[in-house]
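Notes to accompany the following structure.
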Amino acid sequence: MTLWLAIVGMGAITLALRASFILLPAGLRLPALLRRALPFVPAAVLTALWAPELAFQKGVLSLSLHNERLAGGLVAVLVAWRWRLTFATIASGLIALHLFDWLL
Amino acid sequence: MVAGGIPPLEAMALSVVVYAGASMLAATQLLAGGAPLVVILVTALFINVRFMMYSASIRPHLAALPVRWRLAAGYLLADNAYALSVARFTEHPEMKGKAGYYFGAALTVWLTWQAAVAAGIALGAGLPAAWRLEFAAPLAFIALTVPLLRERAMVAAALAAAAAAVAGAGLPVRLGLATAALAGLAAGLLVGRRR
């Protein structure tokens with residue numbers, strides 16, 4: 001029973017958060033500070049999602065090239081910066097991950 | 001999820017009703033540990049509060065749609081759907097058919113996600129763990145985020161968010177994610193104002 005309540009409750013909370021601003025009337029103007037902050041949402045939130053995935057190695061913080069996740073991720077960042085190609089970014093990151101793991 | 005003790009039907013319902021991977025994994029761990037309902041719901045709220053920022057961010061591009069379609073757009077607003085669409089809209093601000101692009105991307109992400117969850121429930125862990133393909137997920141987000149960092153203020157927002165997310169990774173109910181998002185917005189505003 002708790003399980004189904006959790007499913008319905010989590011569903012309601014998640015939908016409310018996602019639909020919140022999209023459902024506001026089209027004519028409504030948001031406060032100026034909020035409007036100036038919005039362009040930074042993708043850079044800030046998406047980076048907050050992936051940065052810890054690189055910095056932690058088996059659950060331990062490791063900011064050296066002995067952390068193959070950080071090394072592979074940085075290779076992917078360089079490839080994405082230079083060429084902006086999704087597939088090349090993912091492929092180079094995965095190859096670098098295995099290469100650094102094997103080398104170090 | 002099934003490995004965490006959730007039966008197949010409920011696992012699939014969780015995937016379709018909630019449709020948010022990080023909070024589903026957290027809920028699985030909490031349920032297995034016998035946590036009370038309110039803890040599970042508060043955890044989901046903190047993990048998913050970033051969707052509210054996505055909602056505000058993507059609103060100008062979808063504002064012209066009827067309410068019913070905007071509600072559907074909200075339900076489909078997952079990380080990947082948001083990242084794909086906003087990357088496209090940022091590079092082509094005047095593009096036509098933004099709603100079509102959004103729903104095309106978001107439905108593809110939804111179908112792929114649900115198919116993957118169903119396959120995961122039916123098959124268990126399928127691909128060899130030694131390939132470390134789970135690392136493709138953060139790499140895909142790198143591919144979508146890095147091309148957005150063309151101005152100093154954007155770079156500042158990303159760096160501040162990265163530092164705060166790493167520093168706050170140990171906080172309970174994934175508070176580090178929400179804090180990092182706010183740190184990134186503040187850094188972007190500060191650096192953007194100075195110029």
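Proteins come first, then strands; the chains are lettered A, B, ... in the order of their sequence lines, and each starts at number 1. If you're wondering where the values come from, they're calculated on a predicted model, not measured in any experiment.
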Checking heavy atoms, do the side chain of [X], its backbone, both or neither come under 4.5 Å from chain B?
| X | value |
| --- | --- |
| A:Pro39 | both |
| A:Trp4 | side chain |
| A:Leu34 | neither |
| A:Phe56 | side chain |
| A:Arg35 | neither |
| A:Leu63 | neither |
| A:Leu61 | side chain |
| A:Ile90 | both |
| A:Ile13 | side chain |
| A:Leu23 | both |
| A:Ala6 | both |

With a 4.5 angstrom heavy-atom cut-off, is it the side chain or the backbone of [X] that approaches chain A, or both, or neither?
| X | result |
| --- | --- |
| B:Leu148 | side chain |
| B:Thr145 | side chain |
| B:Ile58 | side chain |

Heavy-atom pairs under 4.5 Å with chain B - which of [options] has more of them than the others?
| options | result |
| --- | --- |
| A:Pro52, A:Pro42, A:Ala51 | A:Pro42 |
| A:Leu15, A:Leu28, A:Leu49 | A:Leu49 |
| A:Leu38, A:Thr14, A:Ile22, A:Thr47 | A:Ile22 |
| A:Leu46, A:Leu33, A:Leu17, A:Thr89 | A:Leu17 |
| A:Leu5, A:Leu24, A:Leu30, A:Val79 | A:Leu24 |

Name the member of [options] that forms the most heavy-atom pairs with chain A at distances under 4.5 Å.
| options | answer |
| --- | --- |
| B:Val146, B:Ile142, B:Val166 | B:Ile142 |
| B:Ala162, B:Ala180, B:Gly184 | B:Ala162 |
| B:Thr179, B:Leu182, B:Leu30, B:Leu177 | B:Leu177 |
| B:Thr43, B:Leu41, B:Val16 | B:Leu41 |
| B:Leu149, B:Thr90, B:Leu65 | B:Leu149 |
| B:Ala160, B:Ala178, B:Pro147, B:Pro36 | B:Pro147 |

query = Is A:Arg84 paired with B:Glu91 through a side-chain N to carboxylate O contact shorter than 4.0 Å?
reply =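 Salt bridge: yes.
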ask   = Once the angle between the rings of B:Phe89 and B:His61 is folded into 0 to 90°, is it parallel (under 30°), tilted (30 to 60°) or perpendicular (over 60°)?
value =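 Answer is tilted, since the angle falls between 30° and 60°.
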message = If the contact rule is any heavy atom under 4.5 Å from chain A, which residues of residues 77-88 of chain B qualify, in numerical order?
response =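 Expected list: B:Leu77, B:Ala78, B:Asp79, B:Tyr82, B:Ala83, B:Val86.
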task = Kindly determine whether A:Leu103 and A:His66 satisfy side-chain contact (heavy atoms from CB on, under 4.5 Å), including the steps that lead there.
result = CA-CA 9 Å; A:Leu103 282 174; A:His66 290 281; over 6 Å; no
inquiry  = A:Asn67 vs A:Arg69, test: side-chain contact (heavy atoms from CB on, under 4.5 Å). Steps then yes/no.
reply    = CA-CA 5 Å; A:Asn67 175 0; A:Arg69 298 175 69 92; 3.4 Å; yes
